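Just follow the structure's listing: the first ligand is 1, and inside any ligand the first atom is 1. Note that the structure is a prediction, hence the values are computed from the model and not measured.
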Amino acid sequence: MADLAGLPDKRWSVRGLTDEGDEAWVIRGISRKLYRCPSCHGEIEIGSEHVIVQYVFRLGGTEHHHWHRRCAEEILIPELREARRVPAGESAQSKLEQRGRKPSGRRPRR
Ligand SMILES: [Zn+2]
């Protein structure tokens with residue numbers, strides 16, 4: 001896990017699996033509106049660097065949330081299984097939504 005320190009950043013995202021076996025992609029973002037962090041329920045101010053967590057569900061479909069970086073580092077990322085870094089280009093929202101259109105059994109393996 002040590003090599004995930006400071007991630008996600010502009011070049012790297014983090015990908016792991018939840019306990020339920022869904023994919024969680026953790027991506028650096030800049031907020032364009034006010035968000036509320038699901039972990040601490042505090043506000044994420046407009047224009048601030050934070051992380052976006054996009055789930056790609058095993059059975060298809062996606063969902064994303066905006067987290068404070070610190071909350072994600074302390075709570076979210078340590079809970080992920082097989083967490084590793086992936087090039088940020090692979091975590092583009094459009095690609096992940098595409099990925100969510102197929103159940104994981106039919107998804108190409110990376
Ligand atoms: Zn938070």
*Are Glu49 and Arg69 close enough for a salt bridge, meaning some N to O gap below 4.0 Å?*
yes
I'd like to check Ile77 versus Val51 (side-chain heavy atoms, cut-off strictly below 4.5 Å). Are they in contact? no
* Asked: Do the rings of His64 and His66 sit parallel, tilted or perpendicular, given the 30° and 60° boundaries?
  -> perpendicular
A correct count of protein N/O/S atoms found below 2.8 Å of the Zn ion (ligand 1) gives 4
For Tyr35, the hydrophobic cluster (side chain heavy atoms closer than 4.5 Å, chained through members) also holds Ile44
Ignoring hydrogens and angles, tell me if any N or O in the side chain of His50 forms a donor-acceptor pair with the backbone of Gly29 under 3.5 Å. yes
> Are Glu90 and Lys95 ion-paired here, with the side-chain N under 4.0 Å from a carboxylate O?
Replying inline: no
